[in-house]
Amino acid sequence: MSGHGTPIPMTSRPCGPLKGEAHVPGDKSISHRSLILGAMAVGQTHITGLLEGEDVLDTAKAMRAFGATVINHGGGEWTVDGVGVGGFAEPEGVIDCGNSGTGVRLIMGAMATSPITATFTGDASLNGRPMGRVTDPLALFGTQAVGRKGGRLPMTLVGAADPVPVRYTVPVPSAQVKSAILLAGLNAPGQTVVIEKEATRDHTERMLAGFGATITVEETDEGRVITLTGQPELKPQTIVVPRDPSSAAFPVCAAIIIPGSDVLVPNIGLNPTRAGLFTTLQEMGADLTYENIREEGGEPVADLRAKFSPELKGIAVPPERAASMIDEYPVLSVVASFAKGVTDMQGVKELRVKESDRIDAMAKGLRAAGVTVEEGDDWWKVTGLGHGNVLGGVRVASVLDHRIAMAFMVMGMATQTPMTVDDGSPIATSFPIFEKLMGDLGAQLVRNSA
Ligand code: S3P
């Protein structure tokens, strides 16, 4: 598991044009939800294109511990025989969610309204992240939680034996919190209502409807009001997981900053709650186009073509777009370093409580590589140096964060001298084929001895 084994230092050297097709893995958010909802359905759910990264594999293991039969048939094809809403068994051991905030928070929600007790833990990154944002609303259902100081893992949850439905306004823009409440609401009688002031990724809502739950979404002055009717029988589904736009971000951004590049990234899910980075890149002057736009499994999908973009300029990224590109700010800050002018990113406080404090981690590495970064609690600004002018030549910390590691590896492809991360092992949590895929396009990534 990443961060538990020997660190893998990794170096990225400046390289020639990236060319070819990049077949990125399945969407991480949809993969977690496919396993969890499959485990809560009655009958067999069939999944193809599942992301087989460590985060999702930990969720698969957890679903087995709660009593579902989860089988990997090879080649991204999985089946889940579910135990039904309210049918989770009490796990015998501790549930280790590794590096995954999505895994632990969604699973906490899924078990919170069953009369069972479960203890959760994770790696050093996950055990440092706030869980109160999930356990506070779960307490309203009647769930008890005891963890470390500040609501940190390891933590034990005692599920509510007689859950009551909940009406809750999510205080932070978080799809994980929203989803935990909805999954808990599945086994509460009556209607559970979640209100979010800012729209966050809506995969849980879409998939709950697909599994046969009664769920409505209304746009009101209060925000998005999501109403779920509890205690449905979820019907097993056949799920084709779209490819992950958050993983596509890496080859796309690399192509944009490396002279002569032309990369096609096929079959990318472009759900509007996820596609903010691509709009931002286009506003910066990136040569990024959508080809073959279509709909698959209720989600918009397209092939992305990214080419070297000589006239990149810094822009102000609208804060209301933040939720739709929250995982993409690290690699955006790399592109911003090669643009002309300032890229101003506001309303991004959530970046401070991800797998790492992502503003701090990127600011430290970018500054070491010669780029000016200013930051505040919920904003940061990167002053770009223009193509060919970013020094690089430093070893930076990935702080147990896959997206930090990959962002700096993309950066090293276009800096004057190589970039090294102290530990590339976290990349396996979300993008296990990253080195091979980027290498096949023409990147020069090497593992060093520690
Ligand atoms: C996710 C939600 C986001 C995102 C994470 C995946 C999800 O987290 O950063 O990578 O699948 O629901 P928050 O809910 O903390 O914003």
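Just so you know, ligand 1 is whichever comes first in the structure, and atom 1 is the first atom listed for that ligand.
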*For Thr143 and Ala112, indicate whether the former's side chain and the latter's backbone hold a donor-acceptor pair under 3.5 Å.*
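Looks like yes, one N/O pair under 3.5 Å.
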
_Whether Glu233 side chain and Gly84 backbone form a donor-acceptor pair below 3.5 Å_ = no

*Any side-chain heavy atom of Asn292 sitting closer than 4.5 Å to one from Arg294?*
yes

*Per-atom contacts of ligand 1 with Ile326, taking only distances under 4.0 Å to non-hydrogen atoms*: 9 (O)

*Looking only at N/O atoms, are Ala175 and ligand 1 under 3.5 Å apart anywhere?*
yes

*When only distance counts, is Glu355 in polar contact with ligand 1, meaning an N/O pair under 3.5 Å?*
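Between Glu355 and ligand 1 (N or O atoms, distance only) the closest approach is not under 3.5 Å.
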
*Write out all pairs satisfying side-chain hydrogen bond (donor to acceptor under 3.5 Å, both in side chains) with one or both partners inside residues 324-339, taking only residues at least two apart or from two chains.*
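Passing the test, one end in residues 324-339: Arg201-Asp327, Ser246-Glu328, Asp327-Arg358.
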
*Can you list every pair that meets side-chain hydrogen bond (donor to acceptor under 3.5 Å, both in side chains) and has a residue in residues 128-137, with sequence neighbours left out?*
Arg133-Glu350

Identify, for [atom], the protein heavy atom at the shortest distance, and state residue, atom and that distance.
atom	value
atom 6 (C) of ligand 1	Thr102 OG1, 3.2 Å
atom 15 (O) of ligand 1	Lys354 NZ, 3.1 Å
atom 10 (O) of ligand 1	Asp327 OD2, 2.7 Å
atom 14 (O) of ligand 1	Ser174 OG, 2.6 Å

Is it the side chain, the backbone, both or neither of [X] that has a heavy atom closer than 4.0 Å to ligand 1?
X	value
Arg201	side chain
Arg33	side chain
Pro173	backbone

_Please tell me whether Arg33 and Ser179 have a donor and an acceptor in their side chains that are separated by less than 3.5 angstrom._
yes

*asked:* Taking Arg224 first and then Glu205, would you say they form a salt bridge - that is, a charged N and a carboxylate O separated by under 4.0 Å?
replied: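 Looking at Arg224 and Glu205, the cut-off is met.
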
